[in-house]
Amino acid sequence: MSDLSPPPVARRVAVVGAGPAGLYAAEELIRQGRHDVRVDVLDRLPAPYGLVRYGVAPDHPRIKSITGSLRKVLDDPRVAFHGGVELGTDVTRSELLDHYDAVVYAAGAAGDRRLGIPGEDLAGSCSARAFVSWYSGHPDAPAPLPLDMERLAVVGAGNVALDVARVLARPVADLERTDMPEPVLAALRASAVREIVVLARRGPQHARFTPKELRELGGLDGVDVIVDPRQLVLPEGAEPDRSTKANLRALAELAAAPLRGAPRRIELRFHARPRRVLGEHRVAGLMTERTHDGPDGASVGTGELDTLRVGAVLRAVGYRGLPLDTVPFDETRGVVPNDRGRVLDAKGALCPGEYVTGWLKRGPSGVIGTNKLDSAETVALLVDDLDRLPDRRLLDLEAMLIRRGVRPVGLSGWARIDSAERELGASRGRDRTKIADWPTLTRIGRSPHLVPAEPEELPWPS
Ligand code: NAP
């Protein structure tokens, strides 16, 4: 480069979604050394952290503490947070492509897999995602169930099923230390639920629980965990791998633990496939079919039916990605079609400048840290593509949003919400109490009067 060459223009990348996948992508983008990059992280919510804030169970503070390292990404001067901006409502896909060199979709999986059985939509049948969102104080999640029944079924053999069963069963005093909003704690205090039956459609060797989470159930005060040891006998010739053996050991420990006559019970029941949610106006029961595992591991119905008298059904059978504006979407898998993170259209052709990461890329699997590797893969390809991208004049997104009357919540706005939640928590002897309603979140997040305006409140860098 001669001395007279203009300095290289900083590349501009938009990341849609401020959850772990999006923030790990932002971190990778500023960590790579090949291009000077500015990252705008957009989120429809005024608060960042996605599933860490609204999906990780409130009684798992160690996992939640990941927000500490995610916050460092947002604090980097090359990264800007723009909460309260929704793709498809406030800004379109093609507008983003006009304003940025590259766009990374990291919007997670905000929908649910379906059971596909009659009665699934009766009042009293809801997705575990809706239930988790409610107890996590998500502003879009009203209470999905009155907890006025003694017995409740949770369908699914994954860690989300264990999370909801644990939150429903454990003494509310344990949860009072968490960031749960007060109305959630009040509903759990008043809950009539005494028995939670977790149903797995296959045998224990196929369960997606993990040993740590199973043992946690066994350690809860005031809760008996029931596992029938006869259900843990594997079919002849089964050769479980290491992680399955660890799970089976944890299940065997639960099966062997003496019952204590505790006030609440969690039963883990295998080989029970839901066939029909029963009830006229609201859930009155769940019909299940006994199964065995076929040679390929699939659940095979035996035709023997059981009726479980329950007042609610929580469907913990997996999250599902939702389409984003006109971004290509694979309806069958609930993901954005991609090649290692480069977005593909319906014909399998590359969509230049568009990338995807996290659950929207690979489906709803893995732990929070899995998204770090996933985002590293996507960003490596994005950076390669930037090498070949000519400089171009980009439009100023903020000017356009202002014309539309959209007022993003910047990092200082989020800092005010964060402080307000900490203060609310401190007033009750807790670290934090979540603010769960849109008007309060946006009033605090957008108010320039509560604390002096910080640079983030000024127009976005062009
Ligand atoms: P998951 O691990 O994929 O489990 C979904 C469960 O639903 C499976 O047992 C599956 O059974 C069952 N299922 C699916 N369709 C069904 C149907 N039609 N009828 C009956 N059962 C059905 O999903 P998840 O529990 O939502 O968890 C999502 C991810 O987040 C996982 O990677 C999980 O480990 C992670 N997570 C981690 C933690 C933690 O680390 N503490 C907490 C929560 C979530 P089949 O196997 O037979 O399909």
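Indexing begins at 1, ligand by ligand and atom by atom, following the structure's order.
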Identify the closest protein heavy atom to atom 23 (O) of ligand 1: which residue and atom is it, and at what distance?
-> Gly318 CA, 4.2 Å
Around atom 6 (C) of ligand 1, find the nearest protein heavy atom and jot down its residue, atom name and distance.
-> Ala157 N, 3.6 Å
In sequence, state the C-alpha distance, the side-chain angles, and the governing distance for Tyr100 and Asp40, and then conclude on side chain to side chain donor-acceptor pair (under 3.5 Å).
-> CA-CA 9 Å; Tyr100 294 92; Asp40 282 342; 2.6 Å; yes
Just which atoms of ligand 1 are under 4.0 Å from any heavy atom in Val155?
-> 20 (C)
Which ligand 1 atoms does Val160 reach within 4.0 Å, using its non-hydrogen atoms?
-> 24 (P), 25 (O), 26 (O), 27 (O), 43 (C), 44 (C)
Per-residue contact class, Leu162 against ligand 1 - non-hydrogen pairs under 4.0 Å | neither
Apply side chain to side chain donor-acceptor pair (under 3.5 Å) to the pair Arg430 and Thr178, showing each step before the final yes or no.
-> CA-CA 7 Å; Arg430 302 169 202 154; Thr178 72; over 6 Å; no
What do we get for Val56 next to ligand 1 when only non-hydrogen atoms under 4.0 Å count, side chain, backbone, both or neither?
-> neither
Got an N/O contact under 3.5 Å between Arg113 and ligand 1?
-> no
Sub-4.5 Å side-chain heavy-atom contact between Arg113 and Pro364 | yes
Whether Asp224 side chain and Leu259 backbone form a donor-acceptor pair below 3.5 Å = no
For Asn159, the ligand 1 atoms with a heavy-atom partner under 4.0 Å come out as 25 (O), 34 (O), 36 (N), 37 (C), 38 (C), 39 (C), 42 (C), 43 (C), 44 (C)
Glu213, portion touching ligand 1 at heavy-atom distance under 4.0 Å = side chain
For atom 18 (N) of ligand 1, which candidate among Arg315, Arg201, Arg202, Arg273 provides the closest heavy atom?
-> Arg201
Do any heavy atoms of Ser299 fall under 4.0 Å from ligand 1?
-> no
With ring centroids as reference points, do Phe81 and Trp414 lie under 6.0 angstrom apart?
-> no
Name all pairs fulfilling the salt bridge (charged side-chain N to carboxylate O under 4.0 Å, His left out) condition that reach into residues 351-369, sequence neighbours left out, sorted by first residue then second.
-> Arg93-Glu354, Lys361-Asp374, Lys361-Glu377, Arg362-Asp374
Please name all residues satisfying side-chain hydrogen bond (donor to acceptor under 3.5 Å, both in side chains) with Arg276, sequence neighbours left out, ordered by chain then number.
-> none
Identified salt bridge (charged side-chain N to carboxylate O under 4.0 Å, His left out) partner of Arg170 from the options Asp59, Asp163, Asp221 = Asp59
Just to confirm, does any protein heavy atom lie below 4.0 Å from atom 14 (C) of ligand 1?
-> yes
